[in-house]
Amino acid sequence: MDRVTFTIEPKAPYDQGMTAPEQPFFRGAGEHNRTKDGYRRLLDLREKAALAVVRPRGGVGDPTLEVELLGGGLTDDDAAAAAGQLEWVLGAGQDVKPFYDSTRSDPVMREITERFFGMHLTHSLTVFESLVLAILGQQIAAPVARVVRRLVVETYGPSETFDGVEYFAFPRPEAIQAATVEELRGLKLSQRKAEYVKGIAAAAMDSSGWLEGLKELPEDEVVERLTELRGVGKWSAHWVLTRALGHPDAFPSGDLALQRAVSNLYFRGEKQGEREVENFSERWRPFRAYATAYLFAALRAGLA
DNA sequence: ACCCAGGCATTGG
DNA sequence: CCAATGCATGGG
C-alpha cells in the first residue's frame with residue numbers, strides 16, 4: 001500500500017465545505033463519502049483504483065487542499081492523473097469572483113452568493129457519468145433520486161476497501177451495458193430509465209469515442225448530438241453542459257426546481273414558467289450556470 | 001387514494 | 001411551434 005501526498009491550490013475564494021457536498025454522486029452517497037475528516041473519493045485510474053482524501057487548509061481567501069492518495073503501486077503519473085481529476089471534480093481552478101462582481105445590481109443573488117461565499121461548481125469526470133446521473137434524476141424527487149443513484153453506483157461501480165470501509169467509483173459503461181433491464185429495475189429504475197441508461201452506456205462504448213469528444217464542440221451542437229440519444233432531452237443536455245463540460249453559461253430553464261426558486265425569490269411565489277425564467281436569466285449572463293448552482297444551493301438550504 | 005417530483009417521447013393540432 | 005398524454009417511482 002502506497003501513500004502519496006500532494007497539494008492543490010484552488011482559486012480564491014474557495015470554501016471546501018460549501019463546494020464538496022455539491023457533488024451529485026457524492027451528495028448523500030453514504031457514510032463512506034463524508035466531508036468530516038476530509039472529502040473522500042475513490043478514483044478510477046485505469047489500471048488501478050486509489051482513494052483520495054482531500055483536506056482543506058487555510059482560509060477561504062487563501063485556500064490549499066492537502067491530498068492524500070492511497071493505493072497499491074502508485075506512480076508519479078498516477079498522482080498527476082489524480083490531481084487533474086480532483087481539480088476538475090472540485091472546480092478548483094474556477095474563478096467565481098467575476099460572477100460575484102456581476103451580482104452587484106441583483107440584491108437577491110448577492111445575498112445568496114454571500115451566504116455560500118466560496119462555493120465552486122463541481123464537475124463529473126465524464127459525459128457518461130453526468131448523463132446517467134441526469135437520467136436517474138429525471139422527474140423524481142431529489143431524495144428518491146439519491147437513493148437510486150447510490151444503488152446503481154454501489155452495484156456496478158468499481159470498489160475497494162480501505163481501513164474497513166468500502167469506497168466506490170462511478171460505474172464504467174461496460175458494467176451498465178452488461179446489466180440486464182431486470183437487474184436495473186431491481187434498483188428502482190423504471191423500465192424506460194433502464195433502457196435509457198443501457199443505450200447511453202452503448203453510446204459511451206462506441207469506438208469513435210464521440211460522446212466524450214463533445215467537449216470540443218459548441219453548445220448548440222452538443223445539445224443536438226445528445227438529444228439524439230433516447231431519454232435525453234433538453235434538460236439532460238443542459239445538465240451535461242454544466243456538470244461534465246463546465247460551460248459557465250448553460251442554463252436549464254425547463255427545470256421545475258429552478259423555476260420554483262426563481263418564482264419564490266424574485267416573484268413572491270407567483271409561478272414562472274420556462275419562457276419567463278429563460279428571459280429572466282439574461283441578467284446572469286455570461287454566468288448562468290453559476291446562478292443556477294447558487295439558486296439550487298439556496299433551495300436545498302431551505303431559503304426558497 | 002391522490003398528487004407531485006431538479007422529464008421524455010409521441011401524437012395531434 | 002405549442003398542448004395534451006402516457007410512462008414510472010417513492011414520499012407527502
Side-chain angles (χ1 to χ4, degrees), chain A residues 21-29 112 116 119 121-124 129-152 155 179-203 220 222-245 247 250-267 269 271-281 284 288-304:
Chain A
E22 298 301 315
Q23 259 297 308
F25 157 47
F26 161 84
R27 180 155 33 96
I112 299 174
F116 298 97
M119 184 185 84
L121 275 61
T122 59
H123 300 300
S124 54
E129 176 182 328
S130 65
L131 267 180
V132 171
L133 291 176
I135 297 286
L136 298 185
Q138 284 171 3
Q139 188 58 19
I140 57 174
V144 180
R146 280 206 292 279
V147 171
V148 177
R149 286 168 176 166
R150 178 178 175 182
L151 278 170
V152 169
T155 302
T180 66
V181 169
E182 289 69 34
E183 286 166 359
L184 291 166
R185 294 206 50 147
L187 304 181
K188 303 178 192 292
L189 274 75
S190 63
Q191 174 78 25
R192 277 185 178 177
K193 287 188 177 179
E195 293 168 5
Y196 293 164
V197 295
K198 277 174 64 70
I200 287 162
D220 49 348
V222 173
V223 174
E224 202 173 313
R225 294 300 310 274
L226 285 177
T227 50
E228 284 168 10
L229 293 166
R230 276 201 69 209
V232 181
K234 214 166 62 171
W235 179 86
S236 300
H238 281 274
W239 170 283
V240 171
L241 282 172
T242 45
R243 312 298 314 202
L245 304 180
H247 287 229
F251 189 73
S253 51
D255 188 293
L256 285 180
L258 179 57
Q259 291 171 16
R260 196 169 67 239
V262 170
S263 304
N264 291 344
L265 291 167
Y266 289 93
F267 295 90
K271 188 74 190 124
Q272 304 297 304
E274 173 166 3
R275 202 50 175 273
E276 290 82 3
V277 171
E278 176 76 30
N279 290 334
F280 193 74
S281 73
W284 297 314
R288 295 189 302 168
Y290 291 74
T292 305
Y294 277 81
L295 288 171
F296 280 147
L299 266 184
R300 284 196 289 271
L303 305 179

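Values in this document were obtained by computation on a predicted structure and should not be read as measured data. Below, read A as the first sequence line, B as the second, and so on, with proteins coming before strands; counting in each chain starts at 1. Heavy-atom basis, side chains included; hydrogens, waters and symmetry copies ignored.
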Using a cut-off of under 3.5 Å, enumerate the N/O to N/O pairs linking the protein to nucleotides 10-12 of chain C.
none

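- Phosphate contact (OP1/OP2 of B:dG7, side-chain N/O of A:Ser236, threshold under 4.0 Å): absent.
- One P atom belongs to B:dT11, the other to C:dA8, and the distance between them is 15 Å to the nearest Å.
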Extract from the structure each pairing of a protein N or O with an N or O of nucleotides 4-6 of chain C at less than 3.5 Å, listing the distance.
{"unit_1": "C:dG6", "atom_1": "N2", "unit_2": "A:Arg192", "atom_2": "NH1", "d": "2.7"}

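- Residue-to-nucleotide proximity on DNA chain B shows that, of A:Ala257 and A:Val232, the 5′-proximal contact is made by A:Ala257.
- Taking atom P in both B:dC4 and C:dA4, one finds a spacing of 15 Å when rounded to whole Å.
- The shortest non-hydrogen separation linking A:Leu187 to A:Val148 is O-CG1, 3.8 Å.
- Of the two residues near DNA chain B, A:Thr227 and A:Arg260, the one whose nearest nucleotide lies more 5' is A:Arg260.
- In this structure, of C:dC2, C:dT9, B:dG6, it is B:dG6 that holds the atom nearest to the side chain of A:Ala142.
- Not one side-chain nitrogen or oxygen of A:Arg300 sits closer than 4.0 Å to the OP1 or OP2 atom of B:dG6.
- Scanning atom types as modelled, no donor and acceptor separated by under 3.5 angstrom connect the side chain of A:Gln191 and the base of C:dA8.
- Closest heavy-atom contact between A:Arg149 and A:Leu133: NH2-O, 2.9 Å.
- Classification of the A:Phe116-A:Tyr294 ring pair by plane angle, with boundaries at 30° and 60°, yields perpendicular.
- The distance from atom OH of A:Tyr196 to atom P of B:dG7 is 14 Å, rounded to the nearest whole Å.
- Following rounding to the nearest Å, A:Glu274 (CD) and B:dG6 (P) show an atom-to-atom distance of 16 Å.
- Rounded to an integer number of Å, the gap from A:Ile200 CD1 to B:dG7 P is 16 Å.
- C:dA3 sits 22 Å from B:dG6 when the P atoms are compared, rounded to a whole Å.
- A salt bridge links A:Glu278 to A:Arg288: one of the charged nitrogens lies within less than 4.0 Å of a carboxylate oxygen.
- For B:dA9 and C:dG10, the C1' atoms lie 23 Å apart once the distance is rounded to whole Å.
- With B:dG6, C:dA8, B:dC8 as the candidates, the nucleotide lying closest to the side chain of A:Trp239 is B:dG6.
- When the P atom of C:dT9 is taken as reference, atom CG of A:Leu184 falls 13 Å away, rounded to whole Å.
- Judged by centroid separation below 5.5 Å and plane tilt below 30°, A:Phe296 stacks onto the base of B:dG6.
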